[in-house]
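Keep in mind that this is a model prediction, so the values were computed, not measured. Just so you know, these numbers use all the heavy atoms, side chains as well, and skip hydrogens, waters and symmetry mates.
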Amino acid sequence: MAAGTADPAAPLVLGIESSCDETGVALVRGAQLLGHAVASSVDEHVRFGGVVPEIASRAHLEALLPTMRRACEEAGATLADVDAVAVTAGPGLAGALLVGVAAAKALALALDVPLLGVNHLVAHVAVDVLVSGALPERSVALLVSGGHTELLDVRSPAGTGVGALRVELLGQTLDDAAGEAFDKVARLLGLPYPGGPHVQRAAESGDPAAFAFPRGLTAAHDLRRHPYDFSFSGLKTAVARQVDAHRRAGGEVDGPFVADVAASFSEAVADVLARKTVSAAQDRGVQTVLLGGGVAANARVRGLLAERCEAAGLALRVPPLRLCTDNGAMVAALGALALADGLGPSPLDLATDPGLPVSTIVV
Ligand code: KG4
Ligand code: ZN
């Protein structure tokens with residue numbers, strides 16, 4: 001089915017996302033996104049320099065119904081039209097997940113439609129359906145956000161029927177997520193939260209070769225044990241040391257220094273992400289790479305990955321940014337895929353799972 005094409009026979013799936021600080025609701029029919037609304041509590045976390053789980057949970061509670069109304073309005077649909085309710089069951093923040101799952105259960109029960117508790121990480125991959133019409137039969141997905149950094153091997157053999165979608169975790173960060181590293185480095189440089197966009201802006205006038213920051217887990221002995229895992233805490237410490245040394249030498253943390261650190265740091269992150277993603281695709285004989293998560297907004301991450309993929313003869317798919325960051329459309333898209341794939345429904349006493357493994361697509 002082509003992206004955006006209406007298939008009137010396909011069920012109308014309502015998707016709810018509440019795993020972190022975005023409340024997302026969307027309506028999807030087949031591969032068509034009909035309506036989509038997101039409310040973010042990011043402004044409420046600014047003064048804490050990171051997501052505060054209790055604040056995020058309360059914000060979801062307040063935002064859920066208005067966001068659902070907006071999504072339905074945009075789709076020109078009412079809740080009575082909904083054929084299934086999909087919701088993020090994990091991984092994510094325990095309290096935040098509970099809000100979305102409780103709402104989804106109430107809706108499914110009241111509307112007498114199936115409930116699908118789905119995996120947030122797999123939903124980041126499934127969103128590609130709304131852009132491309134179908135997932136590639138085989139792909140490597142790189143998910144990079146404030147909460148996650150994962151490399152996944154995704155199999156979606158067309159037309160093979162029940163439960164064909166398979167996802168395998170190839171590697172993940174052993175410490176900070178990529179977006180978290182951007183946020184922490186922004187803080188070291190005196191830039192506001194969330195740091196990614198500010199670091200990117202500062203990096204534009206900087207020299208990416210000014211500082212030789214470490215590329216975590218890329219030495220030969222690390223690659224043997226952790227070929228597809230990431231580590232960004234050493235990089236963050238190296239930036240902190242550079243900033244300290246600069247201050248001790250009487251320098252101000254501003255202007256060209258901030259620009260050079262931002263550019264060199266971004267280069268190190270982009271280099272490791274691109275290197276490991278291309279290796280994973282090559283090692284596994286996969287032709288297509290998918291990129292998702294808020295850090296996909298980073299020009300250098302996208303640019304370097306595109307460059308290296310092209311050099312390696314790999315196709316790169318990057319959904320539009322509003323679908324890369326957390327949203328309800330990805331959850332509805334995975335719900336629709338799961339229904340078509342014969343997965344689910346989930347029981348009405350479905351439990352949230354903050355540590356849900358990526359191999360579990362529907363709980
Ligand atoms: O996917 P997302 O909106 O939310 C979750 O973390 O779940 O991702 C937010 C993360 C933050 O850490 C933010 O600093 C980072 O994505 N980010 C960026 C950029 N825009 C957002 N990182 C680097 N460069 C950017 N332009
Ligand atoms: Zn996410």
Donor-acceptor pair, distance only, cut-off 3.5 Å: does the side chain of Ser40 make one with the backbone of Glu22? no
Enumerate the ring-ring contact (aromatic ring centres under 6.0 Å, His included) contacts for residues 341-363, please, sequence neighbours excluded, ordered by first and then second residue. none
Among side-chain atoms of His60 and Asp21, is any donor-acceptor pair under 3.5 angstrom? no
Crowded around Glu310 CD? As in, over 12 foreign heavy atoms under 6.0 Å? no
Under 4.5 Å side-chain linkage, directly or through intermediates, the cluster mates of Val52: Phe48, Ile55
Polar side-chain atom of Asp283 near backbone of Ala281 as donor-acceptor pair, under 3.5 Å: no
Are any non-hydrogen side-chain atoms of Arg302 and Asn298 less than 4.5 angstrom apart? no
Are a donor atom and an acceptor atom from the side chains of Ser231 and Asp175 found within less than 3.5 Å of each other? yes
Could you tell me if the side chain of Met68 sits less than 4.5 Å from the side chain of Leu107, heavy atoms only? yes
Just checking Arg138: does its CZ atom have more than 12 heavy atoms from other residues, nucleotides or ligands closer to it than 6.0 angstrom? yes
Compile the donor-acceptor pairs under 3.5 Å between side chains in residues 83-104 and protein atoms, sequence neighbours left out, one pair per line.
residue: Asp83; atom: OD2; partner: Leu12; partner atom: N; Å: 2.7
residue: Thr88; atom: OG1; partner: Glu17; partner atom: OE1; Å: 2.6

Lys/Arg N to Asp/Glu carboxylate O, Arg155 vs Glu137, below 4.0 Å: no
Around Arg317, counting heavy atoms of other residues, nucleotides and ligands shown, do more than 12 lie under 6.0 Å from its CZ? yes
The side-chain contact (heavy atoms from CB on, under 4.5 Å) partner of Val318 among Val301, Leu291, Leu290 is Leu291
The side-chain contact (heavy atoms from CB on, under 4.5 Å) partner of Phe257 among Asp260, Asp254, Val261 is Val261
Parallel, tilted or perpendicular: rings of His120 and His148 (30°, 60°): perpendicular
Can you tell me how far CZ of Phe182 sits from CG of Asp176, rounded to the nearest 0.5 angstrom? 12.5 Å
Under 4.5 Å between any side-chain heavy atoms of Arg29 and Val13, yes or no? no
Keeping the roles fixed (side chain from Asp183, backbone from Tyr193), state whether a donor-acceptor pair exists under 3.5 Å. no
Taking the side chain as everything from C-beta on, heavy atoms only, tell me whether Phe230 gets closer than 4.5 Å to Leu151. yes
